[in-house]
Amino acid sequence: MASQPDAADDRQNDVLQRHRETADAVVPERTSLYIGGEFTDAAGGETFATTDPTTNRALASVARGRKADVNRAVDAAWEAFETEWSGYSAGDRQRVLTEIADVIKTNADELARLETLDNGKPITEATVDVHSAAAQFRYFAGIVRENGGETMAEGSRYGQVISEPYGVVGQVILWNFPLLMASWKLAPALAAGNCTVLKPAEQTPLSALRLAELIDEIVPDGVVNVVTGFGEEAGDPLTRHPDIRKVAFTGSTAVGKQVMKNAAETVTDVTLELGGKSPVVVFPDVDVPNAVQLITAAIFYNTGECCEAGSRLFVHEDVADDVLNGLVDAIDAMEIGDPLREETDLGPKVSAEQVDRTLEYLEAAQDAGGRFLAGGDRPDDDVLSEGCYVEPTLIDGLDHDHDAVQDEIFGPVLEVFRWDEYEAMMELANDVDYGLAGGVITDDITQANRAARDIEAGYIWINSYHDLAPGLPFGGYKQSGIGRELSADTLDHYRQTKTINLSL
Ligand code: NAD
């Protein structure tokens with residue numbers, strides 16, 4: 001329902017004031033490039049605006065890095081590696097990582113508010129991100145010494161197998177969990193002994209820049225460099241730079257393929273964390289309210305802007321009506337609004353482009369005969385229409401081969417499929433190019449294990465969702481990526497193997 005004009009003005013003024021005051025308090029002063037331990041303008045002197053998606057107003061003007069800036073950052077990183085960082089012992093790096101975790105924790109409130117302003121995610125979720133980012137650094141601090149190597153003594157041959165850092169790595173991330181994704185990249189790279197050049201997403205550069213400020217006194221100059229800017233202008237030269245020895249990318253599958261081609265030019269190792277279109281399979285024995293809660297979180301957490309979002313629901317016929325009615329009620333009860341308020345469940349999407357992209361899929365789904373059980377548009381509300389909001393949406397009746405089902409929408413959109421025959425359901429569940437994650441909801445442990453093994457994906461939750469723990473590898477099958485994050489495997493992605501074969 002559209003609100004009364006005066007009341008809407010008051011509500012809008014309230015939001016604007018809250019965002020202005022928060023921006024004054026937390027937007028960092030230094031929003032230029034961070035290279036060699038200095039904040040510095042882009043060589044071309046250009047900047048771009050980063051926007052608050054709740055108000056659609058500019059938050060800050062940020063340096064627009066290009067190839068010349070990437071080159072400077074890579075040089076600074078190599079200098080830091082050669083003159084200082086390669087001499088740091090595992091214990092030294094452990095101390096650095098622990099101090100980074102501490103400084104994130106100390107500044108958690110400020111970082112969370114900054115993230116909410118730049119990304120639009122609810123403050124409660126931003127707070128979880130910030131603490132998870134600190135936990136990343138603490139986890140990798142804990143395993144930094146896991147670099148034992150191997151030996152083989154045989155006759156007169158004595159072989160040693162050791163791991164060495166690459167030197168300088170290039171890391172490109174996206175906007176959905178800006179600080180958390182930065183920590184997923186920085187922590188293992190530093191733990192393994194590398195220096196890095198990080199390019200944050202153009203939509204959300206602020207938390208990485210603030211992190212650079214916070215760690216300036218902790219990390220030697222040039223070990224961490226942050227080049228803000230656009231994909232083609234800064235990400236592309238970084239991922240094809242001849243002196244980058246390892247490329248790590250998180251983003252869309254389409255760009256991931258380009259990044260892989262870029263890295264191929266110099267035969268550089270890549271890890272890719274890409275898109276998903278994950279199934280959630282509901283068996284007939286479920287407790288309906290509990291299933292509804294899990295499904296709601298699986299799709300609507302972070303406004304559906306999660307690579308692992310459970311965006312295709314496969315619900316057994318016996319419970320389908322009850323589950324869908326429960327989902328409609330849960331959607332009705334969701335608080336959509338200002339993400340700076342603690343009670344908000346669903347904030348805006350990150351940008352107007354992302355709203356348009358989502359709405360195009362919804363229109364196509366409608367044209368194809370999809371039945372919208374909830375949502376389907378922007379909210380009909382004068383205040384919310386100022387921001388990048390999309391209603392939480394539930395669609396039934398689409399063909400599984402429709403683009404809205406096959407493609408990652410990356411928004412608050414859940415597509416429903418009913419099943420009664422397991423094999424046929426599982427065939428559909430796996431009938432996408434992606435294979436990042438999946439969910440299984442049942443108390444029947446045999447069914448749960450069977451489904452978990454049958455879903456072609458790198459991470460399966462049984463009776464939970466989104467719960468990621470450092471130590472448990474996260475990454476995709478099929479076109480969802482190459483490599484694993486969050487675990488000891490990740491350290492190995494940032495090291496290369498050397499064999500020393502000594503003849504005695
Ligand atoms: P995107 O691929 O467009 O952008 C991601 C990053 O790549 C940005 O920093 C961008 O500037 C940069 N970039 C763009 N073009 C580039 C180029 N030619 N060369 C180098 N860098 C370039 O990502 P998006 O579509 O905005 O983000 C959504 C995607 O990210 C979704 O597919 C989502 O599933 C995925 N994602 C995956 C994970 C994971 O861990 N698997 C985590 C979060 C998000």
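Computed from a predicted model, the values in this text were never measured in an experiment. What you see below is based on every heavy atom in this structure, not just the backbone, and it leaves out hydrogens, waters and symmetry mates. Start at 1 and go down the list; that is how both ligands and their atoms are numbered.
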Pick from A254, G481, G231, A201: the one approaching atom 17 (C) of ligand 1 most closely through a non-hydrogen atom
G231
Does I173, backbone or side chain, put an N or O under 3.5 Å from an N or O of ligand 1?
yes
Students often mix this up, so state it plainly: with edges at 30° and 60°, are the rings of W184 and F474 parallel, tilted or perpendicular?
perpendicular
Quick look: N176 vs ligand 1, heavy-atom contacts under 4.0 Å, and the answer is side chain
With a 4.0 Å cut-off, would you call R378 and D356 a salt bridge?
yes
State, with a plain yes or no, whether a side-chain heavy atom of F137 is found less than 4.5 Å away from one of L186.
yes
Is any side-chain heavy atom of Y389 less than 4.5 Å from a side-chain heavy atom of V355?
no
W461 side chain vs A298 backbone, donor-acceptor pair below 3.5 Å
no
Neighbour count above 12 (heavy atom, 6.0 Å) for Q293 CD:
no
Numbering as shown, the atoms of ligand 1 that approach D236 to under 4.0 Å (heavy-atom distance)
19 (N), 20 (C)
Under 3.5 Å between any N/O of T239 and any N/O of ligand 1: does that happen in this structure?
no
Kindly indicate whether the side chain of S311, heavy atoms from C-beta on, has any atom under 4.5 Å from the side chain of I409.
no
Can you find a side-chain donor-acceptor pair between Q171 and Y494 that sits under 3.5 Å?
yes
Evaluate W175 for polar contact with ligand 1, using N/O atom pairs at a separation under 3.5 Å.
yes
Any N/O of G251 closer than 3.5 Å to an N/O of ligand 1?
yes
Give the single entry among E408, R240, E353 that approaches atom 34 (O) of ligand 1 most closely by any heavy atom.
E408
min-distance protein heavy atom vs atom 5 (C) of ligand 1 -> L174 CB, 3.7 Å
Top protein contact for atom 16 (C) of ligand 1, by heavy-atom distance
V255 CG1, 3.4 Å
Crowding at CE, M260 (>12 non-hydrogen neighbours, <6.0 Å)
no
Less than 3.5 Å between some nitrogen or oxygen of F230 and one of ligand 1, yes or no?
no
Under 4.0 Å between heavy atoms, the region of F177 that gets near ligand 1 turns out to be neither
Heavy-atom distances under 4.0 Å decide this one: backbone, side chain, both or neither, for E202 against ligand 1?
side chain
Per-atom filter on ligand 1: closer than 4.0 angstrom to a heavy atom of F249 are 2 (O), 6 (C), 7 (O)
As a check for students: among G483, A437, G235, identify the option with a heavy atom nearest to atom 20 (C) of ligand 1.
G235
How are the rings of F417 and F314 set relative to one another: parallel (under 30°), tilted (30 to 60°) or perpendicular (over 60°)?
parallel
Of all the atoms in ligand 1, which lie at a distance below 4.0 Å from a heavy atom belonging to V172?
6 (C), 7 (O), 9 (O), 12 (C), 21 (N)
I want to know if ligand 1 touches C307 in the polar sense, i.e. an N/O pair below 3.5 angstrom.
no
Quick look: L274 vs ligand 1, heavy-atom contacts under 4.0 Å, and the answer is backbone
Heavy-atom distance to atom 25 (O) of ligand 1: which of G475, S252, A234, P237 wins?
S252
Can you confirm whether the side chains of T50 and D118 place a donor and an acceptor under 3.5 Å from each other?
yes
